[in-house]
**Student:** 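Mind having a look at this structure? Questions to follow.
Because the structure is predicted, anything quoted here is derived from the model rather than measured.
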Amino acid sequence: MKLLRTLLVWIAGSALLLAMAADTLAMIGRQVHVPLLGAIELVQAAVLVAASGALLMAALEGSHARVHLLIDRLPPRTRVVLERVQAMAGAVLYAALLAGSGWIAAELWSGHEESELLRIPYRPLRVIAVVALALLLLHALRRSFTRASR
């Protein structure tokens, strides 16, 4: 599990650095009148990878945003029940997003879609989104049917 976390940090962090570098170079290029064509496409692809990794990391670490002002004042039994309800609500959300993303990926699989300028293929990006959502769904289901979450 530690290797997975380390791998997620490196992949998502590298994607975020790539997005930042591309956007910075594009901004400098606009100022010196040498635009970096396709920077937005590069940033969008990198942000998808970074966001997927960040969501998975937050789920594994149990560090999604929470309202501690209310949760910390609940009795322990109520807190456990509400944490399971929250995990099930998350599972429903991830299932809906997975169904929609999977449907779009399946419908457009043979479409050979790519970005306009850099010709970045959309198929691998859709696969990344679907895999991330499937892992988030599995994690939320596991949390809802096992011990109380953090």
Side-chain angles (χ1 to χ4, degrees), residues 1-31 36 38-109 111 113-115 118 120-150:
M1 199 57 124
K2 185 174 178 166
L3 176 65
L4 176 63
R5 287 185 176 109
T6 303
L7 195 61
L8 280 173
V9 166
W10 278 102
I11 291 171
S14 298
L16 196 56
L17 287 173
L18 174 67
M20 182 188 68
D23 208 29
T24 301
L25 288 175
M27 188 272 309
I28 292 170
R30 283 192 302 273
Q31 297 303 315
L36 176 62
I40 292 175
E41 295 173 358
L42 199 58
V43 168
Q44 288 173 338
V47 165
L48 173 81
V49 174
S52 296
L55 282 170
L56 288 168
M57 190 67 175
L60 289 174
E61 296 291 324
S63 59
H64 284 293
R66 299 169 57 122
V67 182
H68 290 281
L69 182 68
L70 176 63
I71 294 171
D72 291 346
R73 288 175 171 70
L74 292 173
R77 189 160 173 74
T78 306
R79 184 183 309 171
V80 169
V81 169
L82 287 180
E83 285 177 346
R84 288 184 186 222
V85 168
Q86 179 268 330
M88 283 303 291
V92 168
L93 172 68
Y94 295 138
L97 291 172
L98 178 61
S101 297
W103 186 350
I104 290 171
E107 286 287 323
L108 300 173
W109 189 257
E113 292 181 293
E114 56 188 23
S115 64
L118 298 180
I120 298 171
Y122 290 155
R123 189 182 298 173
L125 298 176
R126 291 190 204 285
V127 169
I128 290 169
V130 167
V131 167
L133 288 168
L135 292 172
L136 287 166
L137 173 61
L138 291 173
H139 181 72
L141 288 173
R142 185 180 63 106
R143 272 188 48 229
S144 64
F145 293 116
T146 60
R147 63 173 173 73
S149 63
R150 292 184 230 196

**Student:** Flag the pair R123 / R126 as yes when at least one side-chain heavy-atom distance between them is below 4.5 Å, and no otherwise.
**Tutor:**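 No. Closest side-chain heavy atoms not under 4.5 Å.
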
**Student:** When rounded to the nearest 0.5 angstrom, what distance separates CD1 in I11 from CG in L16?
**Tutor:** 13.5 Å

**Student:** List the steps, then state whether side chain to side chain contact (heavy atoms under 4.5 Å, CB included) holds for L42 with L36.
**Tutor:** CA-CA 10 Å; L42 199 58; L36 176 62; 5.8 Å; no

**Student:** Minimum heavy-atom separation for L48 to A129, with atom names?
**Tutor:** CD1-CB, 4.2 Å

**Student:** If you apply the rule side chain to side chain contact (heavy atoms under 4.5 Å, CB included), what do you find for M88 with F145, and how did you get there?
**Tutor:** CA-CA 9 Å; M88 283 303 291; F145 293 116; 4.2 Å; yes

**Student:** Rounded at 0.5 Å granularity, tell me how far CG in L7 sits from NZ in K2.
**Tutor:**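 Taking CG in L7 and NZ in K2, the distance rounds to 14.0 Å.
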
**Student:** Closest approach of A22 and A39, non-hydrogen atoms and distance?
**Tutor:** O-CB, 4.1 Å

**Student:** To the closest 0.5 Å, what do you measure between OG1 (T6) and CE (M57)?
**Tutor:**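 CE of M57 is found 7.5 Å from OG1 of T6.
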
**Student:** With a 4.5 Å heavy-atom cut-off, do L97 and L136 have their side chains touching?
**Tutor:**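 In short, these two side chains do not touch, never coming nearer than 4.5 Å.
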
**Student:** When you measure from the side chain of E113 to the backbone N and O of Y122, does any donor-acceptor pair fall under 3.5 Å?
**Tutor:** no

**Student:** Could you check whether any side-chain heavy atom of Y94 comes within less than 4.5 Å of a side-chain heavy atom of L135, counting everything from C-beta outward?
**Tutor:** no

**Student:** I need the L93 CG to L133 CG distance, nearest 0.5 Å.
**Tutor:** 8.5 Å

**Student:** Does the side chain of I128 reach to within under 4.5 Å of the side chain of V49, using non-hydrogen atoms?
**Tutor:** yes

**Student:** What heavy-atom pair brings H64 and A58 nearest, and what distance separates the two atoms?
**Tutor:** CE1-CB, 3.6 Å

**Student:** Drop me the distance from S144's OG to E83's CD, to the nearest 0.5 angstrom.
**Tutor:**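 Atom-to-atom, S144:OG and E83:CD are 12.0 Å apart.
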
**Student:** Which atom names give the shortest non-hydrogen contact between L18 and A46, and what distance separates them?
**Tutor:**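 It is CD2-CB, 4.2 Å.
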
**Student:** Report the distance from atom CD1 of I120 to atom CD of E41, rounding to the nearest 0.5 Å.
**Tutor:** 5.5 Å

**Student:** How far apart are the closest heavy atoms of A91 and L141, and which atoms are they?
**Tutor:** CB-CD2, 3.8 Å

**Student:** Which pair of heavy atoms, one from A105 and one from V130, lies closest together, and at what distance?
**Tutor:**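 Residues A105 and V130, closest heavy atoms: CB-CG2, 4.5 Å.
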
